[in-house]
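Since the structure is predicted, the reported quantities are computational estimates derived from the model, not experimental observations. The residues of the chain are indexed from 1 along the displayed sequence. When a ligand or atom number is given, it counts from 1 through the structure's own listing order. No hydrogens, no waters, no symmetry mates; every other heavy atom, side chains included, goes into these values.
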Amino acid sequence: MVITNAWAIARDPSLWDNPAEFQPERFLNFTIDFKGHDFQLIPFGAGRRGCPGITFAMATNDLLFTNLVHKFDWALPDGAKGEDLDMTECTGLTIHRKLHLLAVATPSSC
Ligand code: HEM
């Protein structure tokens, strides 16, 4: 079995500026194809065994996340700041946070 190390690709400084920094704006006016044609960003894999659910996933992701951001104000519990988050990772088939992310959603007034 061959497993592509997408984690390492996503943190490769020869491909990304400041790869460890959360900069969602880096994806504005973005020309890289994330559907498996440009190997520097492959959230859905690539090639023959790439994710067949990509179209469905992108449509539902847009609906879900735009609604969550539009309808709620988000904060960390007890006034914590982003820099207080423990971002320790756990290994496994995929890499995920060791500690669950707790977020407080307050319905927004608009
Ligand atoms: C944000 C949502 C999703 C992400 C990030 C995602 C990501 C992936 C990735 C990385 C793979 C492995 C590709 C590879 O080995 O090259 C995969 C495979 C697969 N995905 Fe998704 N996926 C998502 C949603 C979905 C949805 C909504 C469906 C079905 C409705 C789906 C069905 C599948 C199936 C059946 C495979 C196995 C394909 C195969 O082995 O031939 N995925 N997905």
Side-chain angles (χ1 to χ4, degrees):
M1 182 189 293
V2 177
I3 299 180
T4 308
N5 191 343
W7 184 95
I9 295 170
R11 286 159 181 77
D12 185 339
S14 73
L15 299 173
W16 302 98
D17 293 332
N18 303 315
E21 284 182 20
F22 178 62
Q23 294 176 357
E25 64 276 11
R26 73 172 83 229
F27 298 106
L28 290 172
N29 304 317
F30 195 61
T31 55
I32 292 174
D33 180 292
F34 62 85
K35 296 179 181 172
H37 295 109
D38 293 325
F39 297 144
Q40 82 183 77
L41 182 64
I42 47 170
F44 294 96
R48 179 178 295 208
R49 301 304 297 269
C51 179
I54 186 168
T55 307
F56 178 74
M58 288 310 293
T60 48
N61 282 348
D62 280 357
L63 277 173
L64 174 70
F65 290 111
T66 49
N67 270 293
L68 288 176
V69 170
H70 181 63
K71 304 279 185 190
F72 296 93
D73 293 323
W74 293 90
L76 294 171
D78 305 320
K81 302 273 179 230
E83 50 270 25
D84 300 328
L85 283 176
D86 182 344
M87 297 299 288
T88 308
E89 297 165 341
C90 262
T91 51
L93 188 56
T94 60
I95 294 178
H96 51 275
R97 293 171 55 97
K98 185 175 179 188
L99 303 174
H100 291 302
L101 174 65
L102 297 178
V104 180
T106 309
S108 61
S109 46
C110 60

(Q) Counting neighbours of CZ on Phe22 that are heavy atoms of other residues, nucleotides or ligands and sit closer than 6.0 Å, is the number greater than 12? (A) no
Q: Assess whether atom CZ of Phe56 is packed by more than 12 heavy atoms of other residues, nucleotides or ligands within 6.0 Å.
A: no
Looking only at non-hydrogen atoms, find the nearest pair between [X] and [Y] and report the distance.
X     : Y     : result
Phe27 : Leu41 : CE2-CD2, 4.0 Å
Trp16 : Gln40 : CZ2-O, 3.3 Å
Pro19 : Ala10 : CB-O, 3.9 Å
Lys35 : Ile54 : CG-CD1, 3.4 Å

Q: Give the contacting part of Ile42 toward ligand 1: side chain, backbone, both or neither, where contact means a heavy-atom distance below 4.0 Å.
A: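 Within the 4.0 Å criterion, Ile42 makes no contact with ligand 1.
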Q.
Please work out, at 4.0 Å between heavy atoms, whether the side chain, the backbone, both, or neither of Ala6 comes within that distance of ligand 1.
A.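 Looking at Ala6 and ligand 1, no heavy atom falls under 4.0 Å.
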Q.
So, regarding Arg49 and ligand 1 (criterion: nitrogen or oxygen to nitrogen or oxygen, under 3.5 Å), is there a contact or not?
A. yes
Q) Taking atom 21 (Fe) of ligand 1 as the centre, how many protein N/O/S atoms fall inside a distance shorter than 2.8 Å? A)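 For atom 21 (Fe) of ligand 1, the figure is 1.
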Q: Quick one: look up the protein heavy atom nearest atom 10 (C) of ligand 1 and list residue, atom name and how far away it is.
A: Pro43 O, 3.3 Å
Q: Mind telling me whether Phe44 and Phe34 have parallel, tilted or perpendicular rings, with 30° and 60° as the class edges?
A: tilted
Give the atom numbers and elements of ligand 1 that come within less than 4.0 Å of a heavy atom of [X].
X     : answer
Ala46 : 16 (O)
Asn61 : 1 (C)
Phe56 : 27 (C)

Q: Would you sort out whether Glu21 and Gln23 count as a side chain to side chain donor-acceptor pair (under 3.5 Å), showing the intermediate values?
A: CA-CA 6 Å; Glu21 284 182 20; Gln23 294 176 357; 2.9 Å; yes
Q | Heavy-atom donor-acceptor pair, Asn67 side chain to Leu64 backbone, under 3.5 Å | A | no
